[in-house]
Amino acid sequence: MRLQPVLAGVVTALVGFAGAFAVVLAGLRAAGADEREAASGLLVPCLACGLVSLVLGLRHRIPISIAWSTPGAALLITAGTPPGGFPAAVGAFPVCGVLILLAGLVPAVGRLIELIPVPLASAMLAGVLVELCLAPVRALAEVPLLAAPVIAAWALVGRFSRTWAVPAALAVAVVAIALTGPGTGAVALAPALVWTTPVFDPATLAGLGFPLFLVTMASQNVPGGAARRPRKVGMIVDLAQNPTQGVGKRARPAIMAALSA
């Protein structure tokens, strides 16, 4: 077995988890989960992502990595606790999942999502992430002894390797919390699974479930799918060099207008 693919998988999992799990935890807490519910809410997706990645990778013999929606978790932070509490937020999650599954099975639904203008999708994502981006600055003002070493580690390591900037910051944060916190003796290292019965509240489904679907599709799934289509990328390059090559006369004005926009 070659070592390079193994290292690539380890780095992908480490960087992906280290860079996003804190956002997921913060999103669950913002949605109304207590500590045990948030720990369960992080454990179950981790197990599900790992298991599905393993099964699909072995089945299709290609590298497949299943991940959660980091912008979706950031949306939970921005949206706050719904009127029905955490159970209502849990009820919105499967609805979002069904909509994503529907977009994959029904091409017409996926094409409708692709019609969302890029500036609008970018603005929507910016509105979701702005609070998250400001968090380090606020932490530096509120807890400078904890935040300053983390930010310094991120900036220093990122100067040489962006891949390892977030894991380095995470490692420094863990050390800082261990030195200033209650210690491992007061914290349960193994999370306990807690069942939360979902509540399907119409207001929460409309105000949280559907926005989760839009944010996930517009910011991650659609751009990721476009990046997996090299033929279309090549077509775009060809059109940029000769925009009207191989198209009818009626289509030429539309193509030129799109490229000009």
Side-chain angles (χ1 to χ4, degrees), residues 1-28 38-76 90 92-111 113-114 121 125 129 157-158 161-171 174 189-193 195-196 198 209 212-235:
M1 181 176 61
R2 293 186 301 173
L3 185 60
Q4 184 177 0
V6 176
L7 290 177
V10 171
V11 170
T12 300
L14 179 61
V15 173
F17 180 81
F21 87 94
V23 182
V24 175
L25 274 178
L28 293 172
S40 298
L42 178 64
L43 175 62
V44 172
C46 286
L47 295 177
C49 290
L51 181 60
V52 175
S53 299
L54 182 62
V55 172
L56 292 181
L58 293 176
R59 171 66 178 81
H60 298 284
R61 298 295 178 180
I62 58 176
I64 296 177
S65 179
I66 306 299
W68 48 54
S69 171
T70 304
L75 175 63
L76 294 179
V90 173
F93 298 157
V95 172
C96 174
V98 169
L99 290 174
I100 294 176
L101 182 62
L102 185 65
L105 295 177
V106 182
V109 178
R111 285 194 293 268
I113 299 297
E114 291 179 350
L125 183 60
L129 296 180
V157 176
S161 175
R162 292 184 179 182
T163 301
W164 293 102
V166 172
L170 175 63
V174 170
L189 298 180
L193 287 174
W195 173 260
T196 299
L212 274 176
F213 166 69
L214 288 180
V215 167
T216 301
M217 293 297 298
S219 64
Q220 285 188 298
N221 292 357
V222 171
R228 295 288 298 173
R229 302 189 190 111
R231 291 184 179 180
K232 291 190 176 183
V233 173
M235 185 185 301

Using a 3.5 Å cut-off and no angle test, enumerate the donor-acceptor pairs between side-chain atoms of residues 39-58 and protein atoms at least two apart in sequence or in another chain.
from, atom 1, to, atom 2, distance (Å)
S40, OG, R36, O, 3.0
S40, OG, A192, O, 2.9
S40, OG, V194, N, 2.8
S53, OG, C49, O, 2.7
S53, OG, I66, N, 2.8

query = Can you list the residues that meet the side chain to side chain contact (heavy atoms under 4.5 Å, CB included) rule with A38, with sequence neighbours excluded?
reply = L25, L28, R29, A33

request  = List in chain and number order the residues that pass side chain to side chain contact (heavy atoms under 4.5 Å, CB included) with L76, two or more places apart in sequence or in another chain; answer none if no residue qualifies.
outcome  = F93, L208, L212

inquiry  = Quick check: closest heavy atoms across G209 and C96, and the distance to 0.1 Å?
reply    = O-CB, 3.7 Å

query = Rounded to the nearest 0.5 Å, how far does OG1 of T70 lie from CG of L75?
reply = 12.5 Å

request  = State, to 0.1 Å, how close W164 and V157 come at their nearest heavy-atom pair, and which atoms those are.
outcome  = O-CG1, 3.5 Å

